[in-house]
Amino acid sequence: MDVGVVLQCDPPAMGVVELAKQAEAAGFSHVWTFDSHVLWQEPFVIYSKILADTERVVVGPMVTNPGTRDWTVTASLFATLNEMYGNRTICGIGRGDSAVRVLGSRPTTLAELRECVQVIRELGNGREVHLRDRDLKFAWAADSRLEVWVAAYGPKALALTGEVGDGYILQLADPDIAAWMITAVRAAAEKAGRDPAAIKFCVAAPAYVGDDLAHQREQTRWFGGMVGNHVADIVSRYGADGAVPTVLTDYIKGRKGYDYAEHGRAGNVHTDFVPDEVVDRFCILGPIERHLERLAELKELGVDQFALYLQHDAKESTLAAYGEHVIPAVS
């Protein structure tokens with residue numbers, strides 16, 4: 001199992017670069033970042049510096065979306081970084097959350113997401129696409145290689161992932177929910193005539209190594225609020241009648257609102273509705289032994305990568321603990 005890290009693009013940007021360098025030194029395989037250009041700094045600028053200052057890590061957004069950049073621009077960003085640094089990028093993508101909502105817009109449709117995935121992947125791999133009545137190709141990107149991994153929760157989005165995604169990103173670390181979601185993606189892939197085993201699976205969630213569980217919960221409760229934004233969309237579309245596991249739909253009943261100014265931050269006051277049980281299920285907290293147990297469960301389900309969100313007050317010690325104890329045990 002690979003282990004990646006997810007960073008916010010908080011200023012100073014060079015601080016993000018330094019954390020990425022520490023992650024590579026500790027043995028992490030991927031450095032992902034949020035992509036929400038109003039709330040944080042522009043990630044693709046930071047990727048270039050990360051790649052210049054490292055030798056091995058793969059970089060990419062967790063996740064970008066079809067709405068904030070022209071799709072051909074996004075593909076060109078990846079292909080350019082690949083030419084400069086040797087195919088060390090990956091595209092995580094979803095319908096959009098904070099990046100579009102803070103602009104007063106809404107997540108894109110699944111049809112738009114499907115087309116966007118195909119356009120970015122084909123152009124990012126030096127192949128031709130037909131877009132807006134034109135045949136387009138990056139003549140300069142013949143050697144670029146790019147995978148597109150789709151983030152999804154709802155049934156139709158999971159089906160889309162199985163049909164077109166190179167990988168699937170699930171943003172929570174509950175093994176029971178992961179098993180349900182992975183099964184749905186694999187079934188959709190098989191139905192579409194694809195090899196289910198060819199799809200890579202990434203579970204992304206906060207991880208905090210230590211013994212003060214109460215403090216760790218307060219530092220990571222924001223994550224349940226972030227997941228709740230997506231689940232609320234699903235409930236509004238499908239109802240709470242089994243479209244997704246009930247542990248997801250049940251806990252958001254107390255959700256009253258959300259302030260994106262506090263998105264992805266410890267101490268988010270709009271996540272009080274998230275109970276301790278959900279924090280414990282969605283995140284990986286506690287001493288090293290608990291992390292190893294949970295990752296072993298996820299690995300058994302076929303998860304190829306665990307990407308830990310590092311939005312808490314023990315960033316460097318958690319990176320070091322994973323480098324010393326966790327990565328050697330699960331790799």
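All residue numbers in this chain count up from 1 along the given sequence.
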Sequence neighbours excluded, which residues qualify as ring-ring contact (aromatic ring centres under 6.0 Å, His included) partners of [X]?
X      : result
His37  : none
Phe223 : Tyr309
Phe44  : Tyr47, Phe78

Query raised in the report: Taking the six-membered ring for Trp, is the centroid-to-centroid distance between Phe201 and Phe306 below 6.0 Å?
Result: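 Ring centres of Phe306 and Phe201 not closer than 6.0 Å.
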Looking only at heavy atoms, which two atoms of [X] and [Y] are closest? And how far apart?
X      : Y      : answer
Ile169 : Gly92  : CD1-CA, 3.9 Å
Val303 : Met1   : O-CE, 3.7 Å
Gly154 : Ile234 : N-CD1, 3.3 Å
Thr108 : Gly67  : CG2-N, 4.1 Å

Requested in this report: Without swapping roles, check the side chain of Asp2 against the backbone of Cys202 for a donor-acceptor pair under 3.5 Å.
Outcome: no
Query raised in the report: Any side-chain donor-acceptor pair under 3.5 Å between Thr54 and Tyr85?
Result: no
**Report entry** Between Gln305 and Trp32, a side-chain donor and acceptor under 3.5 Å
**Finding:** yes
I'd like a table of donor-acceptor pairs (distance under 3.5 Å, sequence neighbours excluded) in which one partner is a side-chain atom from residues 322-331, with atom names and distances.
residue: Tyr322; atom: OH; partner: His291; partner atom: ND1; Å: 2.7
residue: Ser331; atom: OG; partner: Ile327; partner atom: O; Å: 2.6

Query - Gln216 vs Gln219, side chain to side chain contact (heavy atoms under 4.5 Å, CB included): CA-CA, chis, key distance, verdict - result: CA-CA 5 Å; Gln216 293 174 34; Gln219 285 286 301; 5.6 Å; no
Requested in this report: For Arg101, enumerate each residue passing the side chain to side chain contact (heavy atoms under 4.5 Å, CB included) test, keeping only those at least two apart in sequence or located in another chain.
Outcome: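 Once residues adjacent in sequence are excluded, the partners of Arg101 under the side chain to side chain contact (heavy atoms under 4.5 Å, CB included) criterion are Asp97, Pro107, Asp233, Tyr260.
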Query - Residues that Ala184 engages under side chain to side chain contact (heavy atoms under 4.5 Å, CB included), provided they are two or more places apart - result: Leu158
Query raised in the report: Any chain of hydrophobic side-chain contacts (each under 4.5 Å) joining Leu39 to Val45?
Result: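 Result: no, two separate clusters.
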